[in-house]
Every structure is written in structure tokens, then in C-alpha cells.
There are 2 protein chains.
Amino acid sequence: MNVRSICLAILYDGDATGYEIRKLSVEGEYSYFVDASYGAIYPALARLEQEEFVTSRVEQQDGKPAKKIYSITKTGRATFIQSLFEKLGEDEYRSEFLLFLRFASELPQSLVEQRLNERLAQIDSDLADFDRMKREHNHPGDAWVIDFGRTCMQAARHYIEAHGAELIALARPDRDDAAAAE
Amino acid sequence: MNVRSICLAILYDGDATGYEIRKLSVEGEYSYFVDASYGAIYPALARLEQEEFVTSRVEQQDGKPAKKIYSITKTGRATFIQSLFEKLGEDEYRSEFLLFLRFASELPQSLVEQRLNERLAQIDSDLADFDRMKREHNHPGDAWVIDFGRTCMQAARHYIEAHGAELIALARPDRDDAAAAE
DNA sequence: TCGCACATGTAACGTGTTACATGATTAG
DNA sequence: CTAATCATGTAACACGTTACATGTGCGA
């Protein structure tokens, strides 16, 4: 799933600027699919425009810099939907958190406990995000996908709450942390 | 989480060759943390050896090419554990599958249904993998992490089984698929 | 007045992938 | 006899990030 596809997916639901696309993909609803920077988005949009998958118009604003608003074309829509017919790339999950937990037995209890608590807080904040998104969602499939995410997150939360203590018990008593680092 | 760290994490549990590390990270237990290729692993190991975080010895084999077996050093161990004390990178989840489902309303029902079934099959195969891994696990934290993964996957599975039909209902009746691509 | 939000864009850089070179053995 | 597995390594390439350039207006 490259930056090009993400631009098309976002523009599918409505016009946007490069600036807005980046925001959506880093902080917003799309952050669960991608995480793209300006250096990737602006060139991608320029190329998409050349290929006539999107068009742009410039809008002057007083005080603020001019905006370059992109719209998806009919060809762009067709190409994007067509790409969904092709074999999907595999989902990928990369978790430094889980790698950390795997080594709980080599780490001080206090650190393991802290990381577990941080994760619970993170999940709660994500869950709140999902609720906000669900209120704002516009696309018909959104609600389903959001609830899917919520279900998985809640399962993770419950597991940590039910079994966190077992992991902490595995870790090193706190005086030992100098030994662990040695 | 770069390739260097993964090499250290794998070598932490025992000696391995570059070939074996790649296998573990693509097909094996580590595939849930990374997915590294030869072109990344071999240079990383060479650099780690220069920095004295690992050592290597060559083992001749009859019939097969010679192996270069890497071992982690004391410094390597300490450095790796120390890196776990530092602030963790965020988990990342990238799912083409969810992006696809988001656009269910633009796609033919048969395709949505097929993808949902493929996913169920994929989850079952992952679940079976987890069971195998749990039998083979050597590291104390492994069992916890594996059960965590299993819990999340099972939640995903149940959600798809319980709510898949709602998504299919949202999709386009099958005659319509030419229109969707247009 | 400091820094942030808005807004676009480029150049240097980092990191990892794909494809190739090499070559014996074994299973189908 | 073909393909896969074992095994290491490199070079070309793709893709994306970080940092910078540029400039205004607003809130703390």
C-alpha cells in the first residue's frame, strides 16, 4: 500500500490538499492504514496529476499561504477501485511492545509494569479516538471497520488486564535492574 | 525496530546463521515483529561483528555450503537489553484488508464475501502456527506474547463471523460489478 | 517574542527490497 | 530433469524520511 493509493483513497471521499492528506494519514482516521510525510505526499500528488488521476485548483487565502486543492477524476476513481480487485498485500503488524514483553524476564518489574500501564492508557486513548471517528464517519464501510478495530483493541485490553500480573511476576525484582543491564 | 535489533534479539536466544535469521523473520516466530531480507540481514550482521556485538565462526558441511554461525557477545546482550529501557517505538498496523473493506459499498458482494472467507482461513492458519510455536517456545516471555496474539486474532475472527454479513449486505449485488469498475 | 499552525515543495539521506551470481544435494 | 533447499553475499533500485527553504498571522 503505497502513498499513491492512500492519496486516491482519501480523495475518493472528497477534495483535499497535500497538507490535509498528511494530517489524516498521521493523526487522523487513516493513521491506521498509513503514515506518510510531506516528502512522500507532494511528489505523489504531482505524479497523480500528470497521469490525470487527479486535478488541482489553487485557492488564495488572506493571511495564509495559497492552497492547492486536489480532486479525484473519474479515471482516478476507476483505477483505485480496480486496484482493490487485485490480490491484496498482506497485513503487517510490527510491535516493539511485544518484542519488549518477550524479554520481560531480563527486565526489572517496575519497567514491565510501567510499559503495561502505558499501553492500557494508549488503548483507552485509541478507543476514544474510534468513538469520535464513528460519530464523524461519512463512508458506509467506516462504521464496520471502526468496530472491528475497537473489538480487537478491547480484546487486547482485557488480556493485559487479566494476565499482566503473570508477566510482571516473570520479571526481575527491582534491585536487580543493574544486573539486567550488565 | 531495525534489522540490527532483530538480529540481536534472535541471537539472544542462541546462535544462528544469516540464513536462519531470515527464515525466522519471514516465516517463523519473528515474522510478527519483522520481515527482513538477505540484502538487509547480511550487511547488518557484518556491521554488528565489526562493532563486536556478535562473533562468528565458519562451519564446513559436506554437500552443503559452509555456514557462518553468529553468536552474541556480552556487550551485544547488554546493548540490546539497554535498548529496551529506552522509549519504545510505536506499534504499527498496516492493513490493506481493512482499506478494502472500507470500500465494500463500491465492490461486488461476491468479492467482499470471498475476501472475508480468505481472511478467516488466514486467521485459522495463523492460530495453528501459534499453537505450534507455543509447543516449541524456549523463552519465558514467549507463551504470554503468543497467547496475547491468539486472543486478538480470535477476537477478530469472532467479529468477522458475527458481522461479516452486514458488510456483504452493504456491497453491490453481483451483476453490478461492471458498473463498480467503471 | 517565541513558537506554532497554516501551506508547499525540494534535496540529501537512510533503509530495505529485488534480482543476480555461485553451486552442490535432494526430493518429486 | 526440474525445482527446491541450503547458504552467502553484492549491486541496483525503490521508497520513504528528515531537514531545510519560505512566509504570514495568531495566541501564550
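A, B, ... follow the sequence lines: proteins, then strands. Residue 1 opens every chain.
Where the helix from dT1(C)-dA28(D) to dG28(C)-dC1(D) starts and where it ends, the local axes point in directions that differ by 40°; five pairs per end, rounded to 10°.
Every ring-ring contact (aromatic ring centres under 6.0 Å, His included) that H163(B) has, sequence neighbours left out, goes to Y159(B). Here D126(B) pairs with Y32(B), Q122(B), M153(B) under the side chain to side chain contact (heavy atoms under 4.5 Å, CB included) rule; sequence neighbours left out. Checked against side chain to side chain contact (heavy atoms under 4.5 Å, CB included), K23(A) has the following partners two or more places apart in sequence or in another chain: E27(A). Not counting sequence neighbours, the partners of E118(B) by the side chain to side chain contact (heavy atoms under 4.5 Å, CB included) test are Q114(B), R115(B). For A66(A), the side chain to side chain contact (heavy atoms under 4.5 Å, CB included) partners are V58(A), Q60(A), not counting sequence neighbours. Contacts of R157(B) classified as salt bridge (Lys or Arg N to Asp or Glu O under 4.0 Å), with partners at least two apart in sequence or in another chain: D124(B), E161(B).
Ionic pairing of D142(A) and K134(A) is not present here: no N-O contact between side-chain nitrogen and carboxylate oxygen is shorter than 4.0 angstrom. A salt bridge between R4(B) and E51(B) is present, with a side-chain N of the basic residue lying under 4.0 Å from a carboxylate O of the acidic one. One finds no salt bridge joining R94(A) and E90(B) here, because no Lys/Arg side-chain nitrogen approaches an Asp/Glu carboxylate oxygen to under 4.0 Å. For the pair D129(A) and R150(A), the salt-bridge criterion is not met [side-chain N within less than 4.0 Å of a carboxylate O].
A straight line from CD1 of I69(B) to C1' of dA7(D) spans 12 Å, rounded to a whole angstrom. Taking atom CZ on R22(A) and atom P on dG16(D), their separation rounds to 15 Å, with Å as the unit. For I21(A) and dG9(C), the CD1 to P distance is 12 Å, given to the nearest whole Å. Note: CD1 (I6(A)) to C1' (dT17(D)) measures 17 Å, nearest angstrom. Taking atom NZ of K67(A) as the reference point, atom C1' of dC6(C) lies 9 Å away to the nearest angstrom. With rounding to whole Å, E27(A) atom CD is found 13 Å from dC4(C) atom C1'. For the pair Q60(B) CD and dC6(D) C1', the computed distance is 14 Å after rounding to whole Å. One atom, CE of M1(B), and another, P of dG16(C), lie 11 Å apart when rounded to the nearest Å.
A donor-acceptor contact closer than 3.5 angstrom links the side chains of Y30(A) and R102(B).
Ring-plane geometry between F148(B) and F97(A) is classed as perpendicular, the angle between the planes exceeding 60 degrees on a 0 to 90 degree scale with a lower cut at 30.
Residue Y19(A) places none of its side-chain N or O atoms closer than 4.0 Å to OP1 or OP2 of dT8(C). Under 4.0 angstrom from either OP1 or OP2 of dA5(C) there lies no side-chain N or O belonging to K23(A). For dC6(C), the OP1/OP2 oxygens have no side-chain nitrogen or oxygen of Q61(A) closer than 4.0 Å.
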List, with names and distances, any nitrogen or oxygen atoms from the protein found under 3.5 Å away from nitrogen or oxygen atoms belonging to nucleotides 21-28 of chain C.
none

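Of the residues in residues 43-54 of chain A, none has a non-hydrogen atom less than 4.0 angstrom from any atom of DNA chain D. Annotation: proximity of residues 89-99 of chain A to DNA chain D (heavy atom, distance under 4.0 Å) is found for no residue. Within residues 29-42 of chain A, the residues approaching DNA chain C are Y38(A), G39(A), Y42(A), by heavy-atom distance under 4.0 Å.
Of the options E49(A), K68(A), K67(A), a side-chain hydrogen bond (donor to acceptor under 3.5 Å, both in side chains) to S56(A) is made by E49(A) and by none of the others.
The CD atom of E29(B) lies 8.0 Å from the CG atom of D13(B); values are rounded to the nearest 0.5 Å.
Sorted pairs that involve residues 47-66 of chain A and meet ring-ring contact (aromatic ring centres under 6.0 Å, His included), not counting sequence neighbours, are lacking altogether.
Ring to ring, Y93(B) and F33(A) are not that close: their centroids are 6.0 angstrom or more apart.
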